[in-house]
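Written below as structure tokens is the structure these notes are about.
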Amino acid sequence: MKLADNKATLSFSNGSPSVDLPVYQGNVGPDVVDIRKLYAQTGMFTYDPGFLSTASCQSAITYIDGDKGELLYRGYPIEQLATNCDFMETCHLLLYGELPNPTQKADFTKLVTNHTMVNEQMQFFLRGFRRDAHPMAIMTGLVGALSAFYHDSTDITNPQHREIAAIRLIAKMPTLVAMAYKYTIGQPYMYPKNNLSYAGNFLHMMFATPCEEYVVSPVLERALDRIFTLHADHEQNASTSTVRLCGSSGTNPFAAIAAGVACLWGPAHGGANEACLNMLTDIQKMGGVAKVGEFMEKVKDKNSGVKLMGFGHRVYKNYDPRAKLMQETCKEVLAELGLENDPLFKLAMALEKIALEDDYFVSRKLYPNVDFYSGIVQRAIGIPTPLFTAVFALARTSGWIAQLNEMIGDPEYKIGRPRQLFTGSEKRDVKPIATR
Ligand code: CMC
């Protein structure tokens, strides 16, 4: 970390001595005030629920400029990665810091491909779930269960274990998501086919059956690959911070990533793609585009509890660049499938138009986020709505594991242990039950 020329001075109105705090500079983005010694110096904590102003770590992986609407993986703009690179290259970039050359790409792809199968015993574990279980409930269990199957990659102090766990997780997530899907519809699992691409293989495991040949559509394969790239990492979001916090205790990578899956499930985070499509379907049932105005009034009414899902972001105060790319992909996929008149896409465009002109959204800087259009694309590909967040988890696994391994390699890393402002009862004595 680079020490800035200036320092921060914290003073108190009650006459307590002021304290100087070091300031560090990032390569880009805001500086940070280092408050690690604040408690020792003053006996005080800082208070920042929701981490509105707190950097929880240093990281060299992903950078977001929320005002500009810019997203960079290892310095490369997401637009360039999404159009010039595929997901395997993106995974290599996130994990190792550089885009691969052709030989490195071939080696990395081969390595991932060699790990796509899961232990046969996993299917018996899967059988314990109800057939109508939500895929994210299944995924939380399956990913955590990997730690019971791959004992030779659970020691986080061993760099080789960390490396192989990363490859296994990236390789096996599509297999697990497809297994979760096949299980819920009662179809046989399809084993991975290693002559297919990462995205093509996922389509095969999802939609092939043992009864007939399945031909992967290059358009859908490319669209899915782009969805994976757009979701691959997003710096210290809730699930990534969960993975880091969970991993900071020294737990194994599979357990830490399972925690990330659980966090991603929530509708304020990755679950927004499912919630957004459900919202669009509900509006469609109510009367479609004609009902958009009425729906927006509900969104703006704070007492209604209704939110425009797929809109707003803690960091972006401008258009989420992933949403722009996702909208493009959406158009391409719908055109390819002859679904240009898809009513949900029309509805989404109408909602977006109104929101971008409405003072409620403009004044709060609320723009579409990645989840606004991703559900429409996934649905067009044939992925069922409850599986959307599992697809997000599949893609984000690359970012989670890169961030986890970065944390473990950081000499400044410690177990994550926030403090609190206590507002409960002071010390008191237990009374005998008869007198309470
Ligand atoms: N619809 C209506 N109002 C909204 C929305 C929305 N989608 N998002 C934020 N607001 C309002 C919010 O009520 C608040 O208004 P006020 O200042 O009057 O109290 C203001 O905008 C600021 O919002 P906030 O809740 O303080 O912002 P936050 O940074 O705590 O929350 C968020 C960010 C993403 C959780 C929130 O915008 C949201 O719930 N959006 C809908 C869910 C969603 O699409 N999530 C996906 C996020 S991107 C992908 C991912 O992370 O997985």
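Atoms within each ligand, like the ligands themselves, are counted from 1 in listed order.
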For this session: Please work out whether the ring planes of Tyr96 and His92 are parallel, tilted or perpendicular, with thresholds of 30° and 60°.
Result: perpendicular
Original post:
Less than 4.0 Å between a side-chain N and a carboxylate O, is that true for Lys353 and Glu357?
Top reply: yes
closest protein heavy atom to atom 41 (C) of ligand 1 is Phe311 O, 3.4 Å
re atom 43 (C) of ligand 1, the protein heavy-atom contact at minimum distance is Ala272 CB, 3.5 Å
_Pairing of Glu89 and Lys105 as salt bridge, 4.0 angstrom limit_ = yes
Within-cutoff protein neighbour (heavy atom, under 4.0 Å) for atom 32 (C) of ligand 1: no
A student checking ligand 1 against Pro267 at a 4.0 Å heavy-atom cut-off should list atoms 42 (C), 45 (N)
the protein heavy atom lying closest to atom 45 (N) of ligand 1 turns out to be Ala268 O, 3.0 Å
If we number the atoms of ligand 1 from 1 as shown, the ones under 4.0 Å from a heavy atom of Phe392 are 52 (O)
Could you label the plane-to-plane angle of the Tyr198 and Phe228 rings as parallel, tilted or perpendicular, counting under 30° as parallel and over 60° as perpendicular? perpendicular
With heavy atoms and a 4.0 Å threshold, my read on which part of Cys276 contacts ligand 1 is neither
| query | Looking at atom 23 (O) of ligand 1, is any protein heavy atom nearer than 4.0 Å to it? | reply | no
Note: heavy atom closest to atom 8 (N) of ligand 1, options Leu366, Asn237, Asn273, belongs to Leu366
task: Could you tell me whether a side-chain N or O of Glu406 sits under 3.5 Å from a main-chain N or O of Ala60, the two making a donor and an acceptor?
output: yes
Next item on the list: Return yes or no for this condition: an N or O of Leu308 is under 3.5 Å from an N or O of ligand 1.
Entry: yes
Nearest heavy atom to atom 34 (C) of ligand 1, choosing from Ser363, Gly271, Gly312, Ala323, belongs to Gly312
Using heavy atoms and a 4.0 Å limit, tell me yes or no: is Tyr360 in contact with ligand 1? yes
Please assess Thr116 against Asn194 for the test side chain to side chain donor-acceptor pair (under 3.5 Å), listing each intermediate value before the final yes or no. CA-CA 8 Å; Thr116 49; Asn194 287 351; 2.9 Å; yes
I'd like to know if the side chain of Lys307 and the backbone of Val299 have a donor-acceptor N/O pair within less than 3.5 Å. no
ask   = Are Arg222 and Glu336 close enough for a salt bridge, meaning some N to O gap below 4.0 Å?
value = no
Taking only non-hydrogen atoms of Gly310 and a 4.0 Å limit, the atoms of ligand 1 in range are 43 (C), 44 (O)
Note: heavy atom closest to atom 12 (C) of ligand 1, options His231, Lys307, Lys302, belongs to Lys302
| Would you call Asn119 and Tyr150 a side-chain contact if the rule is heavy atoms closer than 4.5 Å? | yes
Ranking Leu52, Asp371, Thr240 by closest non-hydrogen atom to atom 46 (C) of ligand 1, top hit is Asp371
For Gly270, the atoms of ligand 1 under 4.0 Å from one of its heavy atoms are 52 (O)
- After noting the C-alpha distance and the side-chain angles of Glu352 and Tyr373, does the key distance pass the side chain to side chain donor-acceptor pair (under 3.5 Å) rule? CA-CA 10 Å; Glu352 180 189 326; Tyr373 288 105; 2.3 Å; yes
| ligand 1 contacted by Lys300 (non-hydrogen, < 4.0 Å) | no
*Heavy-atom distance from atom 4 (C) of ligand 1 to the protein below 4.0 Å?*
yes
If you compare Met296, Met309, Arg364 by their heavy atoms, the one closest to atom 18 (O) of ligand 1 turns out to be Arg364
Note: heavy atom closest to atom 28 (P) of ligand 1, options Lys317, Arg314, Lys298, belongs to Arg314
Determine whether the aromatic ring centres of Phe311 and Phe361 lie less than 6.0 Å apart. yes
field: Sidechain-backbone polar pair: Arg364 side chain, Tyr360 backbone, donor-acceptor under 3.5 Å
entry: yes
Judged by atom type as modelled, is there a donor-acceptor pair below 3.5 Å linking the side chain of Asn252 to the main-chain atoms of Ser147? no
Atom 26 (O) of ligand 1 touched by protein heavy atom at under 4.0 Å:
no
Next item on the list: Compute the minimum heavy-atom distance from Val299 to ligand 1 and say whether it is under 4.0 Å.
Entry: yes
- Between His234 and Phe392, is the ring centre distance below 6.0 Å? no
for atom 50 (C) of ligand 1, nearest protein heavy atom and its distance come out as His269 ND1, 3.3 Å
